[in-house]
There are 2 protein chains.
Amino acid sequence: MISTKEKILNEAEKLFAEQGFAETSLRMITAKADVNLASVNYHFGSKKTLIQAVFERFMDRITNDISHEMEQLALKEEPIEVADVLQTLKQPIKNLDKFRPDGAGVFMNLLGRSYAETQGHIRRFAMDKYSHVFNRFVGFLQISSPHCEPSEMFWRLHFMLGSFIFSLAGHKALQEIAESDFQQSVSIDQIIDKLIPFMSAAFSHNEAGF
Amino acid sequence: MISTKEKILNEAEKLFAEQGFAETSLRMITAKADVNLASVNYHFGSKKTLIQAVFERFMDRITNDISHEMEQLALKEEPIEVADVLQTLKQPIKNLDKFRPDGAGVFMNLLGRSYAETQGHIRRFAMDKYSHVFNRFVGFLQISSPHCEPSEMFWRLHFMLGSFIFSLAGHKALQEIAESDFQQSVSIDQIIDKLIPFMSAAFSHNEAGF
DNA sequence: CACCAATTCAAACGACTGTTTTAAACATAC
DNA sequence: GTATGTTTAAAACAGTCGTTTGAATTGGTG
């Protein structure tokens with residue numbers, strides 16, 4: 001039997017991703033989840049902490065998977081290339097779709113909206129809880145690109161983050177356009193498969209030319 | 001003398017970019033702009049059309065500038081490189097900062113929020129009015145990358161769009177992190193100067209390897 | 001069975017939302 | 001001057017929001 005708490009989380013994540021945090025009311029969520037309005041405040045305390053709980057469920061999953069991929073990467077004997085590091089993101093993102101319906105799209109939506117958030121309380125929360133995974137990922141990137149300064153790497157990382165968020169959060173609209181313009185359907189997997197070599201090439205360039 | 005209409009537009013764009021559309025009430029805007037609440041509906045009809053007007057003022061400016069840059073590019077005699085095409089974005093984005101306070105950041109914020117929007121009425125509006133500029137830009141890109149299929153180019157374009165929006169819309173937060181982590185201040189101009197070669201390298205790669 | 005805690009429920013709270021209304025003030029033209 | 005159309009003003013409208021309340025209901029324990 002699925003609990004009230006889970007019913008709320010399941011509907012909330014859908015609606016938050018589709019409409020945004022502010023545009024989604026607790027009444028919409030509880031109506032769709034077929035639970036009482038007051039149960040949100042009972043189980044989660046407030047709307048703010050509900051948002052955080054939705055976000056946390058995804059982050060726990062994907063950071064777990066990424067950590068696992070990085071374990072594998074650490075075993076590699078040949079030199080670690082940029083593409084190898086970025087590849088560690090591939091399966092974890094794809095796994096989100098198995099985790100939840102349209103998981104990758106929903107998660108990137110949440111991630112993007114979290115960054116756009118005013119007070120940034122989600123970002124602070126994420127930095128507290130998941131910084132070790134993030135730092136390890138950056139470490140691998142540095143190894144694969146010893147010529148690239150940390151500050152330059154910082155910016156490149158966020159350029160990439162923007163590409164992931166934007167193209168995957170909006171993948172439905174983009175897929176529709178792509179289909180009507182090129183008669184060619186593209187899955188989320190294929191988007192990621194285009195994105196990773198694209199980004200690998202970007203990371204591999206040398207602005208100074210050596 | 002600055003008109004009521006302009007006072008509203010000026011405050012609205014700031015608040016929309018800082019807090020989002022839904023989180024910004026007409027009462028906040030009119031209080032900050034020191035005009036009457038009803039004047040928004042009088043001058044703009046509704047909140048929705050106010051959002052559109054704020055967006056339009058930026059789009060008119062930047063598409064104008066980009067068109068001008070592309071005129072120059074069309075005169076070039078040597079073969080047009082990817083980097084040349086992307087360079088046409090550089091000055092127009094920088095000019096936004098002269099146009100309005102923190103114009104680039106505000107505009108990218110608006111652009112990002114418009115894409116995240118539910119009904120997407122802004123996106124449809126933009127496609128109607130500015131598609132010719134967009135199409136011309138894509139045309140130049142195709143010329144500079146004849147090996148790249150249109151559908152592949154479509155996705156690369158949106159990867160790039162995501163990077164621009166994400167890094168410039170959130171530039172203040174990112175700049176703060178960069179300064180505290182690397183004791184190194186980075187201006188918007190410098191972000192763009194990092195972004196364009198980064199993207200040029202990404203666009204120049206050949207996934208098929210020929 | 002009774003007991004207690006955990007959960008659910010309907011209803012209401014005060015605050016805030018976009019929009020409309022009606023009247024007053026203003027500018028410009030005749 | 002009066003008349004005309006534009007702009008501002010204060011107030012009220014109907015509706016939604018997140019949250020709280022207090023009673024009803026449930027589930028498990030002695």
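Residue numbering restarts at 1 for every chain, and letters A, B, ... go by the order of the sequence lines.
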Checklist entry - Does anything in residues 49-58 of chain B reach DNA chain C, meaning a heavy atom under 4.0 Å, and if so which residues? => result none

Next on the checklist: Does a side-chain N or O of A:Ser25 approach OP1 or OP2 of D:dC17 to a distance below 4.0 Å, or not?
Outcome noted: yes

Checklist entry - So B:His205 and A:Phe198, would you call those rings parallel, tilted or perpendicular, with 30° and 60° as cut-offs? => result perpendicular

Item to check | Donor-acceptor side-chain pairing of B:Ser187 and B:Gln190 below 3.5 angstrom | outcome: yes

Checklist entry - Is a side-chain N or O of B:Ser145 found less than 3.5 angstrom from the main chain of B:Gln142, in a donor-acceptor match? => result no

Next on the checklist: I need the CZ-C1' distance between B:Phe44 and C:dT20, as an integer number of Å.
Outcome noted: 18 Å

Checklist entry - Under 4.0 angstrom, heavy atoms only, what part of the nucleic acid is A:Ser3 near: base, sugar-phosphate, or nothing? => result nothing

Checklist entry - If you check every side-chain atom of B:Leu26, which of D:dG18, C:dT17, C:dT19 has the closest atom? => result C:dT19

Item to check | Within residues 29-41 of chain A: residues closer than 4.0 Å to DNA chain C (heavy atoms) | outcome: A:Asn36, A:Ala38

Next on the checklist: Using OP1 and OP2 only, check whether a side-chain N or O of A:His43 sits under 4.0 Å from C:dT8.
Outcome noted: yes

Checklist entry - Between C:dG18, C:dT8, D:dC17, which nucleotide gets closest to the side-chain atoms of B:Arg27? => result C:dG18

Item to check | From C:dT17, C:dT8, C:dG18, nucleotide with atom closest to B:Met28 side chain | outcome: C:dT17

Checklist entry - Does the B:Asp97 side chain pair with the main chain of B:Lys94, one donor and one acceptor, at a distance under 3.5 Å? => result no

Checklist entry - Would a line drawn from the ring center of A:Phe125 to the ring center of A:His121 be shorter than 6.0 Å? => result no

